[in-house]
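As the structure is a prediction and not an experimental result, all values here were calculated from the model.
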Amino acid sequence: MQRIPHWINGQRAAGASGRFHEVTDPAAGKVTARLDLADTDEVDTAVAAAAKAFESWSASSLAARTRILFAYRELVDRHADELASLITAEHGKVHSDALGEVARGLEIVELACGITQLLKGELSTQVSGGVDVSSIRQPLGVVAGITPFNFPAMVPLWMFPVAIACGNTFVLKPSEKDPSAAFRLAELAAEAGLPDGVLNVLGGDKPAVDRLLTHPDVAAVSFVGSTPIARYVHETASAQGKRVQALGGAKNHMLVLPDANLDLAADAAVSAAYGSAGERCMAVSAVVAVEPIADELVGKIAERARRLRIGPGADPASEMGPLITKEHRDRVAGYVPQAREQGADVVVDGTDYTVAGHEDGFFTGVSLLDRVTPDMAAYRDEIFGPVLSVVRAGSYQEAIELINSSPWGNGTAIFTRDGGAARRFQLEVEAGMVGVNVPIPVPVGYHSFGGWKASLFGEHHVYGNDSVHFYTKGKVITTRWPDPADGGVNLGFPQHT
Ligand code: NAD
């Protein structure tokens, strides 16, 4: 049995808490490794290493930092296949999807390589006689990152490259369910030349998170995960005076207007609902079909859904892998009979599904529910699995009211050929990321990612310009080099002349 120790101060550190988490291969349903779970003392050791490293790292030149980041970019790229294999082995998603995740994470390393541009300050000369004013941004100190299971490489990469590029040091607590990619990313950073202690990775669960949220030397917390934990992280760490961004769950709607190309819309719905087995925060989980197209659209989605090939993520023939745990698979599957009882049409029922040779794997087939209404659990809850609901709406107005009444506001999309309708939707919809004929509108690295409402607690989105602001604090310097002849006491409030 492989053991996964922590990564503290540039080396592997065996845990001493005596607590472990069993990491499983979801395709086989078998335990493959034991992850050390950090206790308070181990969190303190990692934070102390990061605090010590901050002294020199925050003073290092931008040239030194970017040289390391450029080397890191090459290393992550060269090891993309290996990282993808680690992801598939512990998360279950298919290898090509895992490669896509690494590529999207790499975008943020590339963003961080450009920190010299992003961190440029501002200068105004002669704001008053002989007075100049400049604005600079400085690092915060030790930053903690707490990440979810569904993007074990990409979400950590959303955080630490920009944080360390800005001069901070970092303690990452990845999901205990699939931690190996995060540890490998830290090893590669060391190989790229990152000094010891700048990036630390802890195996851990709630006790480790709670210590990070209250540790006096942690200046800021980046969190991505489910809404209840995001809310808790935001409240707890904010109460300790920390800067917090906490991204939560989602229920993403895809609005299909009657003039849309229904083949393209069906392709998009199937890809975005069932890709990564629906375990994406930007997955489409509700299609809102504006009549009279619902029958035809549901038929096209069903036809495509039935053809999907489900199997182990390491098999190149598989388009969709297993779910993360048996408990989660059973919870997801439970929504289908419940929706039937509550009056939905179960058009495709994937709940009774096994993969030959992988009977113990956490597989489920894909399910499609039609005539779902907002009172049903399948609509109300974030299922986080391959169950797509279709809600029928009588008009655009009815559809947008439905979408805007959701407690979440992560991503949303409209499918139409009408530019005016799309423009109206962009302005009216209450969500942080909008796709126009794009089903999963995850912004590129140089625009920021973040939702509204219960999908994000805190002011700052992740990556892009927001991340530079989140990971730095501003300082404004007013300068005068007076001539001795300019002296004299003046108790009046300074004014500009
Ligand atoms: P989760 O909330 O269960 O776990 C996220 C992190 O919090 C993990 O590191 C976990 O160890 C820790 N954690 C769990 N319970 C905790 C507790 N009681 N106290 C302190 N820490 C705790 O989320 P998950 O199941 O790993 O990930 C799936 C969720 O993440 C979904 O809701 C999904 O929508 C969301 N997500 C959101 C985004 C986004 O950008 N908004 C991106 C990816 C995932």
Side-chain angles (χ1 to χ4, degrees), residues 7-10 43 46-47 49-62 64-70 72-73 76 105-119 136-147 151 153-174 182 185-186 188-190 192-202 209 212-213 215 217-224 233 237 242-247 445-446 448-450 458-474:
W7 177 265
I8 300 174
N9 211 18
V43 174
V47 173
K52 179 87 189 93
F54 181 73
E55 292 168 14
S56 50
W57 181 248
S58 58
S60 64
S61 71
L62 287 173
R65 284 184 224 161
T66 47
R67 255 197 300 277
I68 293 167
L69 285 161
F70 274 105
Y72 188 52
R73 191 249 163 242
V76 173
L106 201 54
E107 271 181 29
I108 315 307
V109 182
E110 289 165 354
L111 176 79
C113 287
I115 198 68
T116 45
Q117 287 294 322
L118 297 169
L119 260 190
I136 60 168
R137 300 204 67 87
Q138 294 186 298
L140 306 174
V142 179
V143 177
I146 300 150
T147 54
F151 284 107
M154 184 182 78
V155 173
L157 286 169
W158 281 359
M159 300 174 178
F160 72 78
V162 178
I164 64 175
C166 290
N168 302 285
T169 54
F170 207 88
V171 178
L172 172 66
K173 204 300 286 170
L185 285 170
L188 292 173
L194 195 68
D196 294 348
V198 175
L199 173 62
N200 306 275
V201 186
L202 291 171
V209 173
L212 287 169
L213 301 182
H215 195 298
D217 290 341
V218 171
V221 178
S222 293
F223 173 90
V224 177
V233 165
K242 302 186 192 316
R243 188 177 287 196
V244 193
Q245 56 178 182
L247 283 74
Y446 35 97
S448 300
F449 179 111
E459 300 308 314
H460 293 87
H461 292 198
V462 290
Y463 64 77
N465 287 340
D466 265 25
S467 64
V468 178
H469 270 249
F470 182 76
Y471 292 126
T472 57
K473 51 196 171 193

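Side chain of Lys242 to main chain of His215: a donor-acceptor pair is present (N/O by atom type, distance under 3.5 Å, no hydrogens or angles). Of the possible polar contacts, none joining the Thr472 side chain to the Pro139 backbone as a donor-acceptor pair under 3.5 Å is found. Side chain of Gln245 to backbone of Ser222: no donor-acceptor contact under 3.5 angstrom is found.
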inquiry  = side chain to side chain contact (heavy atoms under 4.5 Å, CB included), that's the test. Do Lys173 and Leu212 meet it? Break it down for me.
reply    = CA-CA 9 Å; Lys173 204 300 286 170; Leu212 287 169; 4.0 Å; yes
request  = Using the side chain to side chain contact (heavy atoms under 4.5 Å, CB included) rule, take Phe470 and Val462 through it: C-alpha gap first, then chi angles, then the decisive distance, then the call.
outcome  = CA-CA 8 Å; Phe470 182 76; Val462 290; over 6 Å; no
Intermediate values then yes/no, side chain to side chain contact (heavy atoms under 4.5 Å, CB included), Leu213 and Ile146 = CA-CA 10 Å; Leu213 301 182; Ile146 300 150; 4.1 Å; yes
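Residues Asp466 and His469 have side chains not in contact (no heavy-atom distance under 4.5 Å, counting atoms from C-beta outward). Residues Leu106 and Leu157 fail the side-chain proximity criterion, which asks for heavy atoms closer than 4.5 Å. Using a 4.5 Å cut-off on side-chain heavy atoms (C-beta onward), Glu110 and Tyr446 make no contact. Phe449 is listed as a side-chain neighbour of Leu247, based on a closest heavy-atom distance under 4.5 Å. Between Cys113 and Thr66, the closest side-chain pair of non-hydrogen atoms is not below 4.5 Å. Counting only heavy atoms from C-beta outward, the side chains of Ser467 and Leu118 never approach each other to under 4.5 Å. At a threshold of 4.5 Å between non-hydrogen side-chain atoms, the residues Val201 and Pro174 count as touching.
The nearest pair of heavy atoms linking Ala182 to Leu172 is CB-CD2, 3.9 Å. For the residue pair Pro156 and Phe151, the shortest heavy atom distance occurs at CD-O, 3.5 Å. The minimum heavy-atom distance linking Val218 with Ala144 is given by the pair CG1-CB, 3.9 Å. Taking all atoms of both residues into account, the shortest heavy-atom contact from Val468 to Arg137 is O-NE, 4.3 Å. His461 and Ser448 get closest at one heavy-atom pair: CB-CB, 3.7 Å. The two residues Gly105 and Met154 have their closest heavy-atom pair at N-CG, 3.8 Å.
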Identify all side-chain donor-acceptor contacts of residues 162-171 below 3.5 Å with residues at least two apart in sequence or on another chain.
from   : atom 1 : to     : atom 2 : distance (Å)
Asn168 : OD1    : Leu140 : N      : 2.6
Asn168 : OD1    : Gly141 : N      : 3.1
Asn168 : ND2    : Ala163 : O      : 2.9
Asn168 : ND2    : Tyr471 : O      : 2.9
Thr169 : OG1    : Ala50  : O      : 2.8

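Summarising the geometry, atom CZ belonging to Arg67 is positioned 10.5 Å from atom OG belonging to Ser60; distances are rounded to the nearest 0.5 Å. Distance check, rounded to the nearest 0.5 Å: CD1 of Ile136 to NZ of Lys473 gives 11.0 Å.
Taking the six-membered ring where the residue is Trp, Tyr72 and Phe160 present tilted rings, their angle falling between 30° and 60°.
Asn465 CG: 12 or fewer foreign heavy atoms inside a 6.0 Å radius.
Partner Trp158 forms a side-chain contact (heavy atoms from CB on, under 4.5 Å) with one of Thr147, Ile108, Leu111 and no other, that one being Ile108.
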